[in-house]
Amino acid sequence: MSKNLVIVESPAKAKTIERFLGKDFLVKSSFGHVMDLSKKDLGVDIENGFIPEYEVSTDKKKVVTDLKKLAKAAETVWLATDEDREGEAISWHLVNALKLDESKVKRIVFHEITKTAITEAIDHPRSIDKNLVNAQTARRVLDRLVGYELSPLLWKKVKPALSAGRVQSVAVRLIVEREDSIKNFKVSSSYKITAKFHIKKNGKDGLLWADLPSRFKTKEEAIAFLGNCAAAKYTVADIDTKPSKRSPAPPFTTSTLQQEASRKLGFSVANTMRLAQQLYESGLITYMRTDSVNLSKMALAMSRDEITSLYGKKYVKTRNFKTRSKGAQEAHEAIRPTYINNQNIEGDRSQKKLYELIWKRTIASQMADAELEKTNVTIDVSTVPEKFIAKGEVIIFDGFLKVYIESTDDENGEDHEGVLPPLSVGQELDFESMTATQKFTQALLRFTEASLVKKMEELGIGRPSTYAPTISTIQKREYVEKKNSEGFTRDYNQIVLKSGNITEAVKSEKAGFEKNKLFPTDLGIIVNQFLVQYFDNILDYNFTARVEKEFDEIAQGKKVWNEMIGEFYQPFHSRIEDTQEKSRKFSGEKLLGIDPKSGKNVFVKLGKYGPMVQIGDTSDEEKPRFAGLKKEQSIDGISLEEALELFSFPRQIGSYEDEEITVGIGRFGPFVRHKSAFYSIPKDDDPSAVTQDRAVELIEEKRKADREKIICEYKENPEVKVLKGRYGPYISIGKNNFKIPKGTVPETLSLEDCIKISEDPKNAPKKRFTKKGKK
DNA sequence: CAGTGAGCGAGCTTCCGCTTGACTT
């Protein structure tokens, strides 16, 4: 048995460290937190100073019993969890869960996984920092109180099974408000003037582009300006050349990796993290959940060597980057290749691409600045006071640009910056044409998953380990959905001056197309409206930053953690109770207008089964009429006409095989009903335009599909069938379905085989609402 | 699975941050 037991958080880390420490040390991992607040109820004793009720998490029972055994046998237990608030708490929880004798416990920390760093740490152990643990307790208790008191309020006032929390609710708010700002954006336009000149470039005919720095508000002004230029001479008045520099971006953190993988490779945040985890577990990259831009000394030395051997010494420039993000805890290194001399790796396509991205970013961060030369050429027009400017940029020394260029979120790039032809002051230019183009102002872009992470990081909400899960939570709760904005086409004016003539044209362009963007749903909008109205303090973008400051004070021993929680909780809880009593059910009800037929009010709101329209007040003697919205409609955007149209369902549209056909709109979208059977109407069909012929088509299509579904039928028992389903063949008996055991050919099944399979308990149909082994 | 939307009531849902697998309907 080993004399020394070292406990870290991650098993992959444990494996590496064990190699450095030799046979007297056994290195194991805790797999993250081992204790958490009781799941059943609040888990916090409000009456007695907010004492947390911690217990070993169900999925960590085995880890804890295993570690307990090993700890008992060891002389010294080294707690080597991360050096931050959460890591300190994990160590403290280990002491409690493993019932460790504090005299044989040593707390150590290291920021990089190298032999020197680890032996250094072993030489300088300390004890557990209780202040830091208290700060974590405060964080944990606050999040529990907020989440577990706000969520039930939503269940009562809006809809069951909803959720709210310090992080997710602010993330939703960002998306809702971005959508608002896009909806309320007032487009304006102006005219941009560009002139083109004939020029010789390297002996060949070429063009020189120059822009007018200011724009004209109206078409008339633009036309007038072009008219004034018709007979002008153009002369180079000034050439101004300035050297400039560009520096590389710091190495990747979780957030910047997610952003670049999204922009450059089109990966979702979850996908990026899954791939990074695989690379980490194969020992190819360092830890992927980090907020640090720091590289170890060893990494710096490796990249120096690599850059020198690939590009030469003058491309090397070692840098130490400082973190800019709020609340960074920097327990790890930046994300980098473990071995920087490995430019490529074995793996699948996506793994290779992500690795390559990490490699390039790391290498570039330690390379020389790029040296540029920027030139502004001022061009005089003989007939007007305005001057044109031609811009050029030349790379003198490429430096880090050789390997990596960081991308940006907005793709506005129609500038003509590049190499300018040789020009001299006083030179007269050969005019080709001048164009005035109508340009429109643009609303903010919607968030992508990755740009939302960027914003969250700026606000200091969420942590590297929670960015991806938070984004999936707000989508799972249906507050937000990821989709494309189709955009629209619009006309713009273009006026051209060429050979002394002015011509006008109307052209059209596509605008507003956005792919894979986050849109708020009706539910998200309503829940946000409710929370902002009653809990503006928690939904405040600075709430986290403020409490973080207090957590820091707790960590420094300047503040008592449960006093801080008490100060927060008293007013918060009374707001909860007030809202509970005073506010009515919150449905986001909106008055759309008056129904011309009945003269009654028409409302749109969120009902029990989703968005709906209501004609008449609930308090009226006559009951109101209701109709659900179509899937593509929203509370936010529906018009009175569209709302009234929904009341034309269900309606008869003809008959077939001597039975009526009706069209209706149900919970699962529009449908055709015939002989008590239902046929769903595809998304691109307008239900109000479905005719008898189209309905018959749909009925026949479905019948044909059903016929093809049947693999085996049995005359002796028509209840039993072998069918082809979405997930492959299965046996259907009455209302129950059974899967077919592996290795059986469905076509060969006899009635007896089917019965036998159905009676096997291991094929029994699953209950619909089973909870999977919850963590 | 598809005629609901009021109200009753049982029993359920929920937070954030650390970590990795288990599973397919």
Side-chain angles (χ1 to χ4, degrees), chain A residues 8-14 29-37 39 41-44 57 59-60 63 81-82 84-90 93 136 139-156 159-169 274 277 280-281 287 289 329 331 461-467 469-470 473 477 544 585 587 603 605-614 618-619 623-628 649-650 662 664-673 676-680 725-728 730 737 739 765-766 768-773 775:
Chain A
V8 296
E9 292 180 34
S10 144
K13 200 168 165 181
S29 91
S30 74
F31 293 84
H33 274 294
V34 292
M35 296 186 102
D36 193 15
L37 297 179
K39 275 221 170 315
D41 40 33
L42 199 57
V44 178
S57 315
D59 60 330
K60 297 297 164 53
V63 176
T81 52
D82 296 346
D84 58 16
R85 206 161 61 201
E86 299 297 328
E88 204 69 16
I90 293 175
H93 293 159
Q136 194 274 346
R139 199 281 302 155
R140 182 67 191 92
V141 168
L142 178 94
D143 282 337
R144 172 56 72 88
L145 293 174
V146 169
Y148 271 42
E149 294 212 356
L150 277 184
S151 301
L153 192 62
L154 289 179
W155 305 341
K156 281 206 189 73
K159 198 182 143 173
L162 296 179
S163 66
R166 174 177 59 83
V167 173
Q168 60 168 287
S169 297
R274 190 170 45 244
Q277 176 91 30
Y280 169 65
E281 282 171 14
Y287 198 58
R289 290 185 277 264
Q329 313 215 354
I461 62 166
R463 302 275 314 128
S465 65
T466 60
Y467 295 138
T470 303
T473 299
R477 298 266 179 279
T544 291
K585 196 118 168 108
S587 63
F603 300 101
K605 65 179 183 184
L606 191 70
K608 208 169 162 186
Y609 303 101
M612 64 171 192
V613 195
Q614 174 183 329
T618 326
S619 53
K623 272 180 102 182
R625 295 165 63 208
F626 302 99
F649 300 101
T662 43
I665 294 178
R667 263 194 79 182
F668 301 96
F671 61 89
V672 168
R673 187 155 69 164
S676 76
F678 293 88
Y679 306 87
S680 30
R726 258 212 297 169
Y727 307 110
Y730 65 99
N737 298 332
K739 63 178 175 197
K766 300 240 158 63
R768 278 195 66 190
F769 295 108
T770 44
K771 266 204 292 181
K772 290 181 235 163
K775 290 175 184 179

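Predicted model, so just to flag it, every value in this text is computed and none were measured. Every chain is numbered from 1 and lettered A, B, ... according to where its sequence line falls, protein lines coming before strand lines.
Note on Lys13(A) versus Asp82(A): salt bridge recorded, some NZ/NE/NH1/NH2 to OD/OE distance being below 4.0 Å.
Residue Pro464(A) is classed as having no contact, given no heavy-atom separation below 4.0 Å to the nucleic acid. Leu162(A) comes within 4.0 angstrom of the backbone, heavy atoms only, and of no base. At a threshold of 4.0 angstrom between heavy atoms, the contacts of Gln136(A) with the nucleic acid are absent. Ala89(A) comes within 4.0 angstrom of no nucleic acid atom, judged by non-hydrogen atoms across all strands. Among the atoms of the strands shown, only primed sugar atoms or phosphate atoms (P, OP1, OP2) are found under 4.0 Å from some heavy atom of Gly165(A). Nucleic acid contact for Arg477(A): sugar-phosphate only, since backbone atoms but no base atoms lie under 4.0 Å from a heavy atom of the residue.
Proximity note for Lys39(A) (side chain, C-beta onward) versus dT19(B), dT13(B), dC15(B): the nearest is dC15(B). Closest to the Ser151(A) side chain, of the nucleotides dT14(B), dC18(B), dC16(B), is dT14(B).
Nucleotides of DNA chain B nearest to Lys60(A) and Lys605(A) differ in position, and the one nearer the 5' end is that of Lys605(A).
Taking only distance into account, the side chain of Arg463(A) never meets the base of dC18(B) through a donor-acceptor pair shorter than 3.5 Å.
Contact between the side-chain N/O atoms of Thr466(A) and the OP1/OP2 oxygens of dG17(B) is found at a separation under 4.0 Å.
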